[in-house]
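Below: the structure, in structure tokens.
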There are 2 protein chains.
Amino acid sequence: MRADTTERVTDKFLRGRGRQRLSEDELTLLDQTVDRVRDLPSRHTLVRAGDRVRTSTLLLDGFMCRYMDDHSGYRQLVAIHVPGDFVDLHAFPMERLDHDVATLSPARIASWTHDTLEEIVETRPHLTRMLWFSTLLDASVHREWIFRMGRLDAEGRIAHFMCELKVRLDMVGMVENDRFLLPLKQADVAEACGLTGVHVNRVLRSLRERELMIFRAGQVTIVNWKQLSALGQFNPAYLRGGL
Amino acid sequence: MRADTTERVTDKFLRGRGRQRLSEDELTLLDQTVDRVRDLPSRHTLVRAGDRVRTSTLLLDGFMCRYMDDHSGYRQLVAIHVPGDFVDLHAFPMERLDHDVATLSPARIASWTHDTLEEIVETRPHLTRMLWFSTLLDASVHREWIFRMGRLDAEGRIAHFMCELKVRLDMVGMVENDRFLLPLKQADVAEACGLTGVHVNRVLRSLRERELMIFRAGQVTIVNWKQLSALGQFNPAYLRGGL
DNA sequence: CGCCCGCTTGAACAGTGTCAAGTGCTGTGG
DNA sequence: CCACAGCACTTGACACTGTTCAAGCGGGCG
């Protein structure tokens, strides 16, 4: 499909989030030290909670998520990832993860061994700091999710979730005319927002009927950004890392 | 009360969470480069969202929190901090924060200038990695909070919250006989758990009557750890960073 | 063609929020 | 020493949001 086999794997990394602070040299280093690039099928688990992890993964194409299971086997998504995101860079300092990492759609990923990252930390303070920064952006998003779950009702949560995805996808050039592909089931949205699938269905209908947004057939159309972002109390500052 | 004016400021840092990986040398360096140690009154705001931050703070004594406000002025706590926690180390790579940082009780803090941290990053790769690690532990806690809000009911959330505090305070020697001081109002617990103060009150009563735990007069007594941790689906692994 | 999965809808119900009133400390001033 | 104010906590009645359970729909794919 894409004719970009020569595209650098770091092409989307930190786009719109301080990428300009990465030197050409640093990007090249990352590109040249990639261990592996590969494709994963949809709904494939890449890392399981508790596993010892020896590589870290950058998402090049597709959607991934991180989640935790409760006692009854229900999932709670704790993060969703779009192209350009390091999905488990935190595994480098942590060694083990407290959650699973999986694809939501077919995905293309690049990975670096932790030995390579070790060497970067030893020799490249500025690049190290940018990698650190990128894991902290994830933490900002986590905090916003806590806010979303703690203070917003079902409509607000879904509105906020969609607003976040719109801005994040926009940063990597994946939104056109307020429209973007989102290969998620309603049940996935429910798992991300702490709701049941049934209720997500009802809220989506309401948002559609009130002409705020449409989510259908794996595609989102933002119809009324102003009202939607107000409903979700959405302020995109947290996605940019305050730079 | 405490006769430890000669105590190192880093005394509690990362205790129970990989502290043994910090060398004596590294701890000494941190101790010697402290910029300021000072006391803050209760309910004092240290950093406001959006402020440019030039120092980072380690909590020595007392309780602090980080929170975000919603449109109607209601708060959502996104983190709570106990002695030994760096409360805003993430401000070093981020420069600005997306949330406020405040004390919940009188507190004693130590701070380092970002210039000092910059120098550490330039010259001390291993220490840098440990500082990075410590910010990732915060992120683990964030994820657990997302899970708490998304998948647990009111009882589960409060049980989980109290279990987390018990383990974290235990790591820094602040629990005796399943009992610890917690200078929070019921309204604070509500803000941490995404509930109303009224409902927190009811749940606390129920937990007390069922002899799972007692929270009264700023003190928590865990009566039945097994049942309480089961109710909160609590597994402390995320607090130790998988080491 | 028929099955399966994801989406849709309805009805009854449970959990949590809201509103309002009341209790019991603790600290303060007369 | 008592009266009172203020604050956190407590309780009850009621409304509402979201869940649960159950049934039906529709389109893609073997």
Side-chain angles (χ1 to χ4, degrees), chain A residues 41-43 63 70-76 104-106 148-161 181-210 213-221 231-233, chain B residues 41-43 63 70-76 104-105 148-162 181-210 213-221 231-233:
Chain A
S42 187
R43 309 281 157 176
F63 288 75
D70 77 0
H71 279 2
S72 346
Y74 286 104
R75 289 165 144 201
Q76 174 63 48
L104 288 165
S105 71
R148 174 198 293 163
M149 309 281 246
R151 287 291 164 251
L152 301 183
D153 63 9
E155 283 196 343
R157 291 185 205 177
I158 292 178
H160 186 285
F161 179 70
L181 294 179
L182 186 68
L184 268 59
K185 295 182 290 189
Q186 292 184 357
D188 299 322
V189 177
E191 289 175 345
C193 294
L195 301 165
T196 58
V198 172
H199 200 59
V200 166
N201 181 286
R202 287 191 245 267
V203 171
L204 287 175
R205 170 159 51 111
S206 159
L207 293 174
R208 193 186 325 127
E209 286 170 357
R210 285 151 61 201
M213 59 155 287
I214 303 164
F215 173 42
R216 207 162 231 180
Q219 181 173 280
V220 174
T221 308
L231 190 61
Q233 303 197 18
Chain B
S42 187
R43 309 281 157 176
F63 288 76
D70 77 2
H71 278 3
S72 346
Y74 286 104
R75 290 163 144 202
Q76 175 62 48
L104 288 165
S105 71
R148 174 196 293 164
M149 309 281 247
R151 286 292 165 250
L152 302 183
D153 62 10
E155 282 196 343
R157 290 186 206 176
I158 291 178
H160 186 286
F161 180 70
M162 294 300 180
L181 294 178
L182 187 68
L184 267 61
K185 294 183 289 189
Q186 292 184 357
D188 298 322
V189 177
E191 289 174 345
C193 295
L195 300 166
T196 58
V198 172
H199 201 59
V200 166
N201 181 285
R202 288 193 248 266
V203 171
L204 287 174
R205 170 157 52 111
S206 160
L207 294 174
R208 195 186 324 127
E209 286 169 357
R210 286 152 60 201
M213 58 154 287
I214 303 165
F215 173 40
R216 209 162 227 179
Q219 179 173 283
V220 175
T221 307
L231 190 61
Q233 302 197 18

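FYI, side chains are in, hydrogens and waters are out, and symmetry mates aren't considered; it's all heavy atoms of this structure. Residue numbers start from 1 in every chain, and the chains themselves are labelled A, B, ... in the order their sequence lines are given, proteins ahead of strands. Remember, predicted model here, so these are calculated numbers, not experimental data.
The side chain to side chain contact (heavy atoms under 4.5 Å, CB included) search around D70(A) returns S72(A), Y74(A), F147(B), R151(B), Q233(B), not counting sequence neighbours. For A159(A), the side chain to side chain contact (heavy atoms under 4.5 Å, CB included) partners two or more places apart in sequence, or in a different chain, are L228(A), L231(A). Residues passing the salt bridge (Lys or Arg N to Asp or Glu O under 4.0 Å) test with R205(B): none are found, sequence neighbours excluded. Residues meeting the salt bridge (Lys or Arg N to Asp or Glu O under 4.0 Å) test with R148(A), sequence neighbours left out: E164(A). Residues forming a side chain to side chain contact (heavy atoms under 4.5 Å, CB included) with S42(A) (at least two apart in sequence, or on another chain): P106(A). Under the rule for a side chain to side chain contact (heavy atoms under 4.5 Å, CB included), the partners of I214(B) that lie at least two apart in sequence or sit in another chain are R208(B), R216(B), T221(B), V223(B).
Sorted by residue number, the members of residues 201-209 of chain B with any non-hydrogen atom under 4.0 Å from DNA chain C read R202(B). Within a heavy-atom distance below 4.0 Å of DNA chain C, the residues of residues 181-196 of chain A found are K185(A), Q186(A).
Looking only at side-chain heavy atoms (C-beta outward), L195(A) and V189(A) stay at 4.5 Å or farther from each other. Residues F215(A) and L207(A) form no side-chain contact, since every pair of their non-hydrogen atoms from C-beta on lies 4.5 Å or further apart. Counting heavy atoms from C-beta outward, F63(B) and L182(B) have side chains that approach closer than 4.5 Å.
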Every protein N/O lying under 3.5 Å from an N/O of nucleotides 25-27 of chain D:
none

Give me the distances for all protein-to-nucleotides 20-23 of chain C N/O pairs that come in under 3.5 Å?
none

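Taking atom CZ on R216(B) and atom C1' on dC25(C), their separation rounds to 13 Å, with Å as the unit. Following rounding to the nearest Å, F215(B) (CZ) and dA8(D) (C1') show an atom-to-atom distance of 11 Å. If you measure from atom CG of L152(B) to atom P of dG15(C), you get 15 Å, rounded to the nearest angstrom. Atom NE2 in H199(A) sits roughly 17 Å away from atom P in dG15(C) (whole-Å rounding). Here the C1' atom of nucleotide dT16(C) and the CE atom of M149(B) are 14 Å apart, to the nearest Å. Put simply, CG on L104(A) is 13 Å from P on dG6(C), counting in whole angstrom units. Distance CG (D153(A)) to C1' (dG17(C)): 12 Å, rounded to an integer number of Å.
Nearest heavy atoms, S206(A) versus E155(A): OG-OE2, 3.2 Å. Summarising the geometry of A190(B) relative to G197(B), their closest heavy-atom pair is CB-N, 3.7 Å, with the distance given to 0.1 Å.
Across its full length, the helix from dC1(C)-dG30(D) to dG30(C)-dC1(D) shows an angle of 20° between the axes of its 5 terminal pairs at either end, rounded to 10 degrees.
With rounding to the nearest 0.5 angstrom, the CD1 atom of I158(B) is 5.0 Å from the CG atom of L204(B). Atoms CD and SG, from Q76(B) and C193(B) in turn, are 8.5 Å apart once rounded to the nearest 0.5 Å.
Residue pairs meeting the side-chain hydrogen bond (donor to acceptor under 3.5 Å, both in side chains) criterion with at least one partner in residues 189-203 of chain A, sequence neighbours excluded, are R75(A)-E191(A), Q186(A)-N201(A).
Tested against R157(A) for a side-chain contact (heavy atoms from CB on, under 4.5 Å), the candidates V203(A), L152(A), V200(A) yield a single pass: L152(A).
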